[in-house]
Undergrad: 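Take this structure, written in structure tokens, and hold onto it; I'll ask about it next.
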Amino acid sequence: MKRLAICINRRFESGKPSCAVRGSEALADAFEAAIAERGLDIQLMRLPCMGLCEVGPNVKEVGGDLWSEVSIADVDLILDAVMGHDSDE
Ligand code: FES
């Protein structure tokens, strides 16, 4: 099974950006829905801060690539990359 981590950290008062404020919780829901719909063998892990807050939302394959400034439009492309094939196959 592949594992994909998404930061869902929410920061309220520091003035520093956080992934949840930029929509990563809805993004996590979209990943889970797409994984289920496509029947992919990927576990989504919702994690606290990855330390890359300025470029969030951040998504990382465990042991693999990192994607920053991720939007819902990127979900399928990232899942394709994690599964190791092109989106237009
Ligand atoms: S809040 Fe997401 S990387 Fe820091």
Side-chain angles (χ1 to χ4, degrees):
M1 172 181 281
K2 309 258 188 180
R3 288 185 295 163
L4 197 58
I6 181 167
C7 170
I8 54 156
N9 188 47
R10 181 178 296 272
R11 201 174 273 120
F12 290 100
E13 294 177 4
S14 69
K16 197 173 176 185
S18 61
C19 293
V21 169
R22 291 177 169 164
S24 69
E25 292 164 313
L27 192 56
D29 291 343
F31 269 106
E32 285 176 341
I35 290 166
E37 183 178 321
R38 294 172 59 175
L40 300 177
D41 192 21
I42 300 175
Q43 176 188 15
L44 187 75
M45 304 158 61
R46 299 177 186 229
L47 298 184
C49 185
M50 298 177 180
L52 298 164
C53 322
E54 304 292 338
V55 292
N58 295 297
V59 176
K60 182 166 188 350
E61 180 182 358
V62 176
D65 290 336
L66 168 76
W67 295 268
S68 296
E69 299 181 349
V70 176
S71 73
I72 286 178
D74 301 319
V75 166
D76 280 327
L77 285 174
I78 290 173
L79 292 178
D80 288 338
V82 170
M83 295 309 293
H85 53 77
D86 295 330
S87 59
D88 56 6
E89 278 183 29

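Hydrogens, waters and symmetry mates play no part in the numbers below; they use all other heavy atoms, side chains included.
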Undergrad: Could you measure the distance from the CD1 atom of Ile8 to the CG atom of Asn58? Nearest 0.5 Å is fine.
TA: 13.0 Å
Undergrad: With the 4.5 Å side-chain cut-off for hydrophobic clustering, are Val55 and Leu77 part of the same group?
TA: no
Undergrad: Do Met50 and Leu27 share a hydrophobic cluster (ILVMFWY, side-chain heavy atoms under 4.5 Å, transitive)?
TA: no
Undergrad: Please examine the side chains of Val21 and Arg10, heavy atoms only from C-beta on, and report whether any two atoms are closer than 4.5 Å.
TA: yes
Undergrad: Measuring from Ser71:OG to Ile78:CD1, what's the distance to the nearest 0.5 Å?
TA: 8.0 Å
Undergrad: Apply side-chain contact (heavy atoms from CB on, under 4.5 Å) to the pair Phe31 and Leu40, showing each step before the final yes or no.
TA: CA-CA 11 Å; Phe31 269 106; Leu40 300 177; over 6 Å; no
Undergrad: How far apart are the C-alpha atoms of Leu52 and Leu66, what are their side-chain angles, what is the distance that settles it, and do they pass the side-chain contact (heavy atoms from CB on, under 4.5 Å) test?
TA: CA-CA 10 Å; Leu52 298 164; Leu66 168 76; 3.4 Å; yes
Undergrad: Check the pair Cys49, Arg11 against side-chain contact (heavy atoms from CB on, under 4.5 Å), reporting the backbone distance first and the verdict last.
TA: CA-CA 10 Å; Cys49 185; Arg11 201 174 273 120; 3.8 Å; yes
Undergrad: Mind checking what makes side chain to side chain contact (heavy atoms under 4.5 Å, CB included) contact with Val62, not counting sequence neighbours?
TA: Arg3, Met45
Undergrad: So, taking the atom named CD in Gln43 and the one named CD1 in Ile35, what distance separates them when rounded to the nearest 0.5 Å?
TA: 9.5 Å
Undergrad: With sequence neighbours excluded, what pairs up with Glu54 under the side chain to side chain contact (heavy atoms under 4.5 Å, CB included) test?
TA: Lys16, Pro17
Undergrad: Can you tell me how far the OG atom of Ser24 sits from the CZ atom of Arg46, to the nearest 0.5 Å?
TA: 8.5 Å
Undergrad: Just to verify, which of Leu4, Leu44, Ile42 counts as forming a side chain to side chain contact (heavy atoms under 4.5 Å, CB included) with Glu32?
TA: Leu44
Undergrad: Do Ile6 and Pro57 have side chains that approach each other closer than 4.5 Å (heavy atoms only, starting at C-beta)?
TA: no
Undergrad: What pairs with Asp65 under salt bridge (Lys or Arg N to Asp or Glu O under 4.0 Å), at least two apart in sequence or on another chain?
TA: none
Undergrad: For Leu47 and Ala5, work out which heavy atoms get closest and say how close.
TA: CD1-CB, 3.5 Å
